[in-house]
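Since the model is a prediction, treat every value here as computed from it, not as a measurement. In what follows, every heavy atom counts, from backbone to side chain, and hydrogens, waters and symmetry copies are set aside.
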Amino acid sequence: MERSALVYITLTIVTVVLGMFVENRDYVSGAIRGGRPFGSCSCQRQQARNRIAAFAVYCLLTGVSACRIAVGNDYWVYRDNFKLIAQERHVSSEIGFNYIVKWMQDIFGYDEYLYIFALFSVLTVFFFVKALYDQGSYFAFSLYLLMTGGYYFNSLNSVRYYFALAVVLFSMKYVLRGEYGKFILVILAAATFHKSVLLVIPVYLIAQFLAAASLKRRHYIAGGIFLCTLIFCQDLYKEIIFFFYPFYRNSAFDNGQLSYANILKCVCVLVLSLICYRRSLREDRVNRFYFFLNLAGLAVYCCGSFIPEVSRVGYYMIISQVFLLPRLLGEMEKGWFARFCRAGVVCAFGGYFILLLRDMYAVDIRLLPYLNWIFN
């Protein structure tokens with residue numbers, strides 16, 4: 001592992017330490033409810049401290065992302081697409097993305113790709129940090145999971161997808177508030193950048209319904225039928241996918257590969273959720289919403305290997321772990337077992353981060369070595 005990997009390690013440590021200054025549990029409960037309580041504490045001293053620390057986190061994450069150059073296996077592919085968009089030639093990306101790229105090149109000039117990457121860095125990191133600030137009851141812990149889970153670092157690569165993922169994370173609060181109109185409008189806007197995001201509309205609404213419902217036999221039967229369709233109706237699902245993404249047919253992504261790491265993460269979260277069921281899940285609608293998203297992610301990873309880029313589909317669901325895990329661990333009864341569980345989660349994600357750093361040198365990822373246009 002060469003020296004530039006220290007940029008990512010140092011960034012993770014510094015931002016998490018800054019995140020420790022954010023104490024926003026009361027604010028989060030108001031943000032999820034919405035209305036007057038959401039904005040009532042904006043003048044408090046702690047809230048000002050929270051905003052300063054969160055803004056510092058935002059600036060550091062944006063700086064590393066916006067200043068990169070030649071980072072990511074698709075960096076130069078995006079640059080070529082930017083030129084095609086400016087020439088008004090056909091590209092496979094969605095209309096919202098194409099419009100922004102064309103608009104940026106009209107302002108800054110043809111092939112000024114650094115400004116375009118910087119703009120999407122600014123927007124993507126904003127939605128990530130804003131989502132953590134509004135919904136992360138334990139901000140520093142949620143930020144640690146976001147960083148070590150690879151969501152932020154992978155956003156340096158697949159620009160359109162991770163922008164959409166950041167918007168999805170941000171939009172969860174609208175589902176929890178019951179503001180379904182706002183949620184759908186936000187997702188429709190995100191779909192103009194990556195249309196796969198439309199999947200979250202039914203998934204999140206079903207998860208919200210299950211979180212608020214007292215589960216009956218019919219719910220389990222419906223869930224079992226859905227799992228059976230994932231196993232026995234794969235050809236039908238693939239044809240639907242290839243209708244929207246024809247270039248995935250017989251591509252390198254159409255390989256039926258299982259994501260064992262994500263399956264293991266989902267299983268471990270499921271076990272922890274069952275341990276904490278009585279204290280944190282049975283009566284907590286917010287935790288139940290995140291729990292059902294994790295369960296949906298587990299079903300997709302176990303039974304949906306036929307889906308091209310299945311990890312990306314699952315990320316829409318399991319990214320809720322950055323909120324669920326800190327809430328479960330924070331609400332556990334104090335004692336050795338709670339400390340053991342917290343240490344286990346921290347070490348597990350830390351180990352995953354180390355493996356992630358090692359894999360960043362692969363030719364199909366190329367997030368390392370890190371280069372930026374200031375020094376390189």
Side-chain angles (χ1 to χ4, degrees), residues 2-19 22 53-79 81-82 93 96-97 100-101 103-105 107-108 112-133 136 139-140 142-170 190 193-194 197 312 315 319 322 353 356-357 359-362 364-376:
E2 46 77 55
R3 190 171 299 174
S4 70
L6 293 176
V7 174
Y8 293 166
I9 297 172
T10 303
L11 178 68
T12 301
I13 294 172
V14 172
T15 53
V16 171
V17 170
L18 285 170
V22 178
F55 182 70
V57 170
Y58 170 75
C59 289
L60 288 172
L61 295 181
T62 301
V64 169
S65 180
C67 294
R68 75 189 187 279
I69 187 169
V71 174
N73 71 306
D74 61 359
Y75 188 92
W76 298 117
V77 174
Y78 268 107
R79 188 262 186 111
N81 286 339
F82 295 162
S93 50
F97 178 79
I100 293 295
V101 170
W103 174 67
M104 289 290 289
Q105 294 195 85
I107 294 176
F108 294 104
E112 294 292 341
Y113 55 92
L114 292 177
Y115 295 102
I116 302 173
F117 281 114
L119 174 65
F120 279 96
S121 296
V122 168
L123 295 175
T124 301
V125 175
F126 169 80
F127 283 111
F128 272 142
V129 175
K130 180 61 174 172
L132 297 187
Y133 190 79
F139 181 89
S142 292
L143 179 61
Y144 173 79
L145 298 180
L146 185 83
M147 300 293 286
T148 57
Y151 301 109
Y152 165 77
F153 293 108
N154 285 325
S155 72
L156 276 60
N157 203 341
S158 301
V159 174
R160 291 186 302 119
Y161 169 77
Y162 280 94
F163 170 71
L165 183 65
V167 174
V168 165
L169 192 68
F170 167 82
F193 294 85
H194 206 286
V197 77
R312 292 189 180 185
Y315 278 176
I319 196 171
V322 303
F353 183 48
L356 188 69
L357 288 171
D359 291 342
M360 285 180 182
Y361 293 96
D364 59 340
I365 299 177
R366 290 196 303 182
L367 290 175
L368 283 173
Y370 175 77
L371 304 173
N372 64 72
W373 49 260
I374 298 176
F375 300 108
N376 305 108

Heavy atoms, side chains only, cut-off 4.5 Å: are [X] and [Y] in contact?
{"X": "Ser158", "Y": "Asp74", "value": "yes"}
{"X": "Ser121", "Y": "Arg68", "value": "yes"}
{"X": "Leu371", "Y": "Tyr75", "value": "no"}
{"X": "Val322", "Y": "Leu169", "value": "yes"}
{"X": "Leu11", "Y": "Met147", "value": "yes"}
{"X": "Gln105", "Y": "Ile116", "value": "yes"}
{"X": "Cys67", "Y": "Tyr370", "value": "yes"}
{"X": "Tyr58", "Y": "Phe126", "value": "yes"}

Nearest 0.5 angstrom please: [X] [atom1] to [Y] [atom2], how far?
{"X": "Ile365", "Y": "Asn157", "atom1": "CD1", "atom2": "CG", "answer": "8.0 Å"}
{"X": "Leu132", "Y": "Phe139", "atom1": "CG", "atom2": "CZ", "answer": "5.5 Å"}
{"X": "Leu165", "Y": "Phe127", "atom1": "CG", "atom2": "CZ", "answer": "12.5 Å"}
{"X": "Leu18", "Y": "Ile13", "atom1": "CG", "atom2": "CD1", "answer": "12.0 Å"}
{"X": "Thr12", "Y": "Leu60", "atom1": "OG1", "atom2": "CG", "answer": "11.0 Å"}
{"X": "Glu112", "Y": "Met104", "atom1": "CD", "atom2": "CE", "answer": "10.0 Å"}

Anything under 30° is parallel, anything over 60° is perpendicular, the rest tilted; go ahead and classify [X] against [Y].
{"X": "Phe82", "Y": "Phe97", "answer": "tilted"}
{"X": "Tyr315", "Y": "Tyr161", "answer": "tilted"}
{"X": "Phe108", "Y": "Tyr115", "answer": "parallel"}
{"X": "Phe193", "Y": "Phe120", "answer": "perpendicular"}

When you measure from the side chain of [X] to the backbone N and O of [Y], does any donor-acceptor pair fall under 3.5 Å?
{"X": "Ser4", "Y": "Pro369", "value": "no"}
{"X": "Tyr144", "Y": "Gly149", "value": "no"}
{"X": "Asn372", "Y": "Ile69", "value": "no"}
{"X": "Tyr152", "Y": "Leu61", "value": "yes"}
{"X": "Thr62", "Y": "Cys59", "value": "no"}
{"X": "Tyr78", "Y": "Val159", "value": "yes"}

Do you know which two heavy atoms are closest between [X] and [Y], and how far apart they sit?
{"X": "Ala53", "Y": "Val22", "result": "CB-CG2, 3.7 Å"}
{"X": "Ser155", "Y": "Thr124", "result": "CB-CG2, 4.2 Å"}
{"X": "Val197", "Y": "Ala190", "result": "CG1-C, 3.8 Å"}

* Would Val71 and Leu368 satisfy side chain to side chain contact (heavy atoms under 4.5 Å, CB included), going step by step from the backbone distance to the final call? -> CA-CA 7 Å; Val71 174; Leu368 283 173; over 6 Å; no

* To do: Test Ile319 against Phe128 for side chain to side chain contact (heavy atoms under 4.5 Å, CB included), laying out the working first.
  => CA-CA 11 Å; Ile319 196 171; Phe128 272 142; 4.1 Å; yes

* Using a cut-off of 6.0 Å, state whether more than 12 heavy atoms not belonging to Trp76 lie near its atom CH2. =>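 Yes, the 6.0 Å shell around CH2 holds more than 12 heavy atoms from other groups.
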
* To do: List the steps, then state whether side chain to side chain contact (heavy atoms under 4.5 Å, CB included) holds for Phe55 with Val129.
  => CA-CA 9 Å; Phe55 182 70; Val129 175; over 6 Å; no

* **Check: Tyr8 ring centre within less than 6.0 Å of Phe153 ring centre** => yes

